[in-house]
> 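Below is one structure. I have some questions about it.
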Amino acid sequence: MNINHLWLIVSACFVFFMQAGFVCYEVGFIRSKNVISVAIENILTFVITTLVYCFLGFALMFGPTHFGIYGSDYWLLSHLSLSQNPLGFVFVFFELMFAGTAVTIVSGSMSERTRLLPLLIAAVFLAGVIYPLFGHWVWGNLFIDQPTWLRQIGFMDFAGATVVHGTAGWVSLAGIIVVGSRKDRWDATGKLIKLGRSNIPFAALGTFILWFSWFGFNGGSLLEFNDRVGLILLNTNFAAASGVVGAILTNRFFIKDHSYMEAIFMGALGGLVAITAGSNYLQPLDAVMVGFISGSIVAFSGLWLEKLGLDDAVGAVSIHGFGGAAGTILLAFFAPLEFLGGQTRLVKVLVQFAGVAVNFLWAFGLGMLMFYLINKSLGLRVSEDEEEKGLNIVEFSDIYSWQDYLKMTHYESLT
Amino acid sequence: MNINHLWLIVSACFVFFMQAGFVCYEVGFIRSKNVISVAIENILTFVITTLVYCFLGFALMFGPTHFGIYGSDYWLLSHLSLSQNPLGFVFVFFELMFAGTAVTIVSGSMSERTRLLPLLIAAVFLAGVIYPLFGHWVWGNLFIDQPTWLRQIGFMDFAGATVVHGTAGWVSLAGIIVVGSRKDRWDATGKLIKLGRSNIPFAALGTFILWFSWFGFNGGSLLEFNDRVGLILLNTNFAAASGVVGAILTNRFFIKDHSYMEAIFMGALGGLVAITAGSNYLQPLDAVMVGFISGSIVAFSGLWLEKLGLDDAVGAVSIHGFGGAAGTILLAFFAPLEFLGGQTRLVKVLVQFAGVAVNFLWAFGLGMLMFYLINKSLGLRVSEDEEEKGLNIVEFSDIYSWQDYLKMTHYESLT
Amino acid sequence: MNINHLWLIVSACFVFFMQAGFVCYEVGFIRSKNVISVAIENILTFVITTLVYCFLGFALMFGPTHFGIYGSDYWLLSHLSLSQNPLGFVFVFFELMFAGTAVTIVSGSMSERTRLLPLLIAAVFLAGVIYPLFGHWVWGNLFIDQPTWLRQIGFMDFAGATVVHGTAGWVSLAGIIVVGSRKDRWDATGKLIKLGRSNIPFAALGTFILWFSWFGFNGGSLLEFNDRVGLILLNTNFAAASGVVGAILTNRFFIKDHSYMEAIFMGALGGLVAITAGSNYLQPLDAVMVGFISGSIVAFSGLWLEKLGLDDAVGAVSIHGFGGAAGTILLAFFAPLEFLGGQTRLVKVLVQFAGVAVNFLWAFGLGMLMFYLINKSLGLRVSEDEEEKGLNIVEFSDIYSWQDYLKMTHYESLT
């Protein structure tokens with residue numbers, strides 16, 4: 001065990017902490033009547049990911065490959081025992097946290113109208129099949145040196161802008177299409193109604209937690225502690241900052257929405273997602289450009305989804321889907337030639353496009369199938385009356401907290 | 001200074017961060033009218049622990065032993081100066097954070113009806129006497145190689161399921177017995193009344209913070225950075241996850257409480273507490289079993305305490321007392337034989353039972369004596385009128401915040 | 001890359017996390033109607049600091065010195081490329097987080113009545129000119145071994161009690177003088193009105209986050225991982241604890257304010273700020289004394305500012321200005337002689353006083369000029385009507401969240 005393992009472990013702990021960041025972020029952005037439901041969903045999906053990914057998904061993703069398409073070994077973490085490979089369990093721990101990030105994103109976008117059980121079943125498929133198989137195609141060589149197909153054609157995704165965030169974003173897109181919009185989202189004439197945000201300061205806390213965790217997400221993805229770490233962390237930070245600038249300017253000059261609050265959050269996270277693809281390859285000023293352009297794309301994509309009548313409660317499709325795709329493709333434009341692995345820049349651009357397209361087809365396609373089947377069999381959506389009451393009460397019978405809340409407002413006589 | 005010290009320091013910082021986790025968790029689970037009181041209690045008890053443990057408790061716990069029963073040296077951190085032992089101050093820093101964890105737990109369970117001053121006096125005794133003396137019996141050899149009595153008979157507690165959590169849980173049990181239930185806890189017929197939870201998303205944030213910190217709690221307890229770290233972190237995570245599953249199933253099939261919200265939180269934390277005893281010895285699938293069984297035991301114990309008419313505002317007795325005992329004993333059933341130190345499994349089971357029993361007698365016994373004496377001399381409890389008003393106002397004259405809160409609800413005319 | 005770099009990177013991540021701590025702390029201490037505004041200001045000022053400090057301020061602060069007064073090189077991070085100096089980007093990342101801390105403090109004290117744009121312009125000047133130039137005078141030798149003037153006369157500030165916190169505190173003082181008090185701060189007779197605190201538990205979380213981050217702030221300032229780290233972390237923790245004790249006792253015996261809530265928070269943070277100057281030089285009992293005295297000074301200074309009619313919404317002037325000055329000067333009284341660099345204790349006391357005075361003149365002077373010019377050109381302050389409505393609505397058109405909030409209180413009919 002050496003300094004590389006220590007860096008990997010500290011990074012993995014930081015990435016785990018994203019779970020806390022997503023709780024704050026998602027809770028902050030939705031209405032008060034659903035916050036308990038969303039907070040607890042986040043705990044339960046991580047519980048599921050832990051069990052399903054470690055015992056099943058990891059084997060598919062990192063086991064010895066069959067045809068470059070799926071791995072097979074290490075089921076139930078067998079053959080990883082301490083004596084053989086000291087890195088084994090450390091690597092599982094690290095990769096689990098990446099799977100956990102992918103899975104937690106989906107439930108946020110579908111919140112405020114989706115039943116709990118279907119979301120948990122979707123988490124099982126995502127952690128056990130959808131995420132690890134795509135992951136195998138790009139990262140299947142990280143634990144055992146072996147060829148897997150997307151990597152073979154030269155597709156580059158340093159820390160998961162496509163593998164983690166793209167996958168999560170496109171599955172979210174499928175989810176919000178199948179489950180439909182929140183019932184109060186559009187008025188009778190089809191005009192968008194702005195819905196309340198329960199706690200924006202809590203979302204700001206979540207944003208800083210996620211930003212902090214991203215230093216582990218990108219820095220740890222080196223899988224060793226070498227002299228590129230400083231550059232990676234700086235690039236990560238630059239892209240978050242310039243993502244905010246890009247999103248604000250886009251909002252001001254093109255979207256003209258006077259409440260640019262959402263743009264700020266989406267720009268920061270969009271920039272972070274985008275730089276995930278290339279933080280190891282870019283120079284600082286290029287990282288600033290990638291963040292800036294991606295922040296702008298994320299802001300536009302949010303507007304476009306609204307125009308299409310799609311309702312994403314926390315902006316996950318824009319941030320993780322479009323932000324991830326933008327970063328993955330922009331990498332081919334901005335990376336120095338020596339990182340292109342012998343391909344010309346044009347070829348690399350096409351390869352990156354192809355990888356993003358494969359990711360979209362796989363994640364969105366399987367996502368649609370999965371949510372369609374769940375919807376047909378179990379039903380995805382709560383009743384209209386339940387949606388009105390809020391999922392805190394519907395799922396967790398939590399009228400007591402709400403009575404406490406009301407009581408505080410009736411205490412006036414005490415003063 | 002080497003990689004072992006670095007791991008110890010990072011771990012200690014993570015364990016310190018449990019203070020933030022407990023603030024969120026405890027505040028989230030109690031009623032709004034007492035949240036300021038509980039948040040500030042958490043700050044003050046850590047202040048007390050810092051001063052009392054470092055200058056007094058550490059000497060009792062890790063000084064050269066007298067009869068294997070108490071240590072004596074390093075008073076006021078003397079004889080630890082930089083030149084002699086570079087590990088010295090790092091080790092004090094690390095151990096302080098464990099003492100801080102034990103002490104902060106007690107005030108939570110007694111919250112919403114206990115006066116501040118008695119809680120602070122209890123913190124002095126806990127940090128200065130109760131915790132360090134028991135700690136000496138099990139861990140007295142960690143700083144100086146020396147025999148202390150519980151360790152000598154073969155009692156095993158890797159990272160403190162009994163030393164830290166058991167002690168805190170049983171002192172809490174004494175506290176809630178002596179101070180009595182919250183006045184609204186049972187109706188006239190003795191039926192339990194569910195009380196409001198001020199902020200469940202805040203408690204979910206706290207749960208993830210604690211989960212994160214636990215990687216330092218268990219990982220750092222190796223006191224070096226060796227190839228068992230990966231296994232320990234995975235085991236920690238598995239037990240948290242399976243603890244949730246165990247608690248939910250127990251709630252669904254045995255307790256039949258439709259609001260299984262509390263079960264989820266108690267299962268996660270109960271699993272984490274339980275695996276603290278054996279995370280260094282168990283294989284992953286065994287860690288899953290230990291978490292599952294302990295989560296179930298924690299859920300049952302919560303029900304049982306309610307049946308006994310005991311009122312624990314945050315579930316600390318169940319989580320830390322019963323969870324810690326479960327994990328400590330289960331370790332003897334699940335650990336590979338080579339870790340049993342030459343004892344047969346039956347003997348080890350008996351030894352672990354004995355250690356847990358000694359811990360209960362010591363912590364609960366001294367806890368009862370301490371709270372009895374405090375109650376007789378100073379009075380533990382606020383008046384019924386004060387309890388009704390809430391401790392925010394009683395202790396911190398905080399009517400201003402509450403007026404701000406009310407004002408927001410009367411702003412309607414502005415729109 | 002070695003263990004020193006790893007420690008620096010982990011510390012830098014911890015220091016970044018102060019951004020999260022300040023969001024929680026500041027939001028908790030102000031009124032609900034302004035919390036969104038303050039939370040988002042914190043994100044935006046860090047975005048600005050990232051771009052301005054890295055591309056401009058760093059060069060002024062750490063470039064080859066001209067006359068010991070300003071640095072010049074590394075503009076836009078040029079000449080720092082990976083191949084030349086592996087420490088380069090790691091050091092920029094670390095120093096950026098310190099600049100971020102300085103800048104975020106100012107907007108808090110002026111909150112609830114200051115417009116957003118002027119605050120952002122002030123952040124540009126602070127990150128680009130005021131902070132890095134003073135920093136050059138004290139720390140200009142850290143990246144390149146070269147003499148800079150305050151360092152040459154023997155001024156000592158280990159981790160930034162004056163460089164970071166003093167600068168931020170005195171600029172804040174200028175800000176609250178120029179912008180004036182919140183309109184509800186004093187009644188018609190000039191008596192102080194206590195204003196609501198939106199969320200004290202959130203501020204308690206923020207305090208623990210800041211406390212945690214401070215271990216990186218002070219520990220990382222060694223710029224290597226050596227055997228003084230343990231002492232530094234212990235000293236940091238001791239000063240926070242004794243700062244609380246000092247502030248409480250001062251409040252109780254001299255100020256006689258029955259709501260000593262603020263004193264607890266200000267004592268903890270004041271102790272942390274103060275020990276920043278000398279955590280590397282003091283022995284633990286001296287750290288306790290420095291924290292205690294500084295906590296007391298911070299509490300007194302808060303009272304004194306009130307008496308002067310100055311309105312600091314989050315106590316930043318007391319905590320960072322007076323706390324930083326206290327710690328910097330007390331260092332000269334308590335540090336062992338061998339750390340005084342050949343100066344007598346009397347001379348060192350005078351030098352420390354001189355350094356603090358220079359810091360005050362520079363930061364307060366330029367702060368007054370800056371805010372005066374901004375006020376004359378753009379206007380610093382919102383209108384009285386906007387202040388009444390709250391900046392959530394004025395700046396971010398956020399009536400939706402507030403309607404959600406109100407709706408919850410009208411749901412009674414659902415039960």
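Only this structure's heavy atoms are used, side chains among them; waters, hydrogens and symmetry mates stay out.
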> List the atom of B/F202, the atom of C/P201, and the distance in Å for their closest heavy-atom pair.
CZ-O, 4.0 Å

> Contact part of B/M97 toward chain C, heavy-atom cut-off under 4.5 Å: side chain, backbone, both or neither?
side chain

> Please name the pair of heavy atoms, one in C/G230 and one in B/V90, separated by the smallest distance, quoted to 0.1 Å.
CA-CG2, 3.8 Å

> Applying side chain to side chain contact (heavy atoms under 4.5 Å, CB included) between C/V244 and each of B/L51, B/V47, B/T50, report the one that passes.
B/V47

> So which atom in B/F55 and which in C/V288 form the shortest heavy-atom distance, rounded to 0.1 Å?
CZ-CG2, 3.8 Å

> Take the angle between the ring planes of B/F14 and C/F212 and call it parallel below 30°, perpendicular above 60°, tilted in between.
tilted

> Name the member of C/F265, C/W7, C/F238 that forms the most heavy-atom pairs with chain B at distances under 4.5 Å.
C/F238

> Tell me, side chain or backbone of C/I193 under 4.5 Å from chain B's heavy atoms, or both, or neither?
neither

> By a 4.5 Å heavy-atom criterion (distance strictly below it), what part of B/I43 contacts chain C: side chain, backbone, both, or neither?
both

> Pick one of side chain, backbone, both or neither for B/F91, based on which atoms fall under 4.5 Å of a heavy atom in chain C.
neither

> Give, as side chain, backbone, both or neither, the part of B/I48 having an atom under 4.5 angstrom from any heavy atom of chain C.
neither

> Does any heavy atom of chain C fall under 4.5 Å from the side chain of B/V23, the backbone, both, or neither of them?
side chain

> Which atoms of B/C13 are under 4.5 Å from chain C, going by heavy atoms: the side chain, the backbone, both sets, or neither?
both

> Side chain, backbone, both or neither: which part of B/L8 has an atom under 4.5 Å from a heavy atom of chain C?
neither

> Identify the heavy atoms of C/A204 and B/A39 that sit nearest to each other, and give their distance.
CB-CB, 3.8 Å

> Just wondering, more than 12 heavy atoms not from C/E384 lying within 6.0 Å of its CD?
no

> Using non-hydrogen atoms only, which part of C/F29 is less than 4.5 Å away from chain B: side chain, backbone, both, or neither?
neither

> What part of B/V10 lies closer than 4.5 angstrom to a heavy atom of chain C: side chain, backbone, both or neither?
side chain

> Which answer fits B/L6, side chain, backbone, both or neither, if we ask what part of it has an atom under 4.5 Å from a heavy atom of chain C?
both

> Can you tell me how far CE of C/M261 sits from CG of B/N392, rounded to the nearest 0.5 angstrom?
9.0 Å

> With chain C, which of B/L44, B/L76, B/V38 has the greatest number of heavy-atom pairs at distances under 4.5 Å?
B/L44

> Is it the case that atom CZ in B/F125 sees more than 12 heavy atoms from other parts of the structure closer than 6.0 Å?
no

> How are the rings of B/F16 and C/W211 set relative to one another: parallel (under 30°), tilted (30 to 60°) or perpendicular (over 60°)?
tilted

> Just how far is it from atom CG of C/L234 to atom CZ of B/F94, taken to the nearest 0.5 Å?
13.5 Å

> Between C/I3 and chain B, which part of the residue has a heavy atom less than 4.5 Å away: side chain, backbone, both or neither?
both

> Does some side-chain heavy atom of B/V35 sit less than 4.5 Å from a side-chain heavy atom of C/I200?
no

> Side-chain contact test, heavy atoms from C-beta onward, threshold under 4.5 Å: evaluate it for B/F89 versus C/V229 and give yes or no.
no

> Would you give the length of the straight line joining atom CZ of B/F46 to atom CG of C/N237, rounded to the nearest 0.5 angstrom?
4.5 Å

> Can you tell me how far CG of B/N42 sits from CG of C/L205, rounded to the nearest 0.5 angstrom?
11.0 Å

> Quick check: closest heavy atoms across C/F208 and B/Q19, and the distance to 0.1 Å?
CE2-CB, 3.6 Å

> So, for B/N2 and C/F225, which heavy atoms are closest and what is the spacing to 0.1 Å?
O-CE2, 3.6 Å

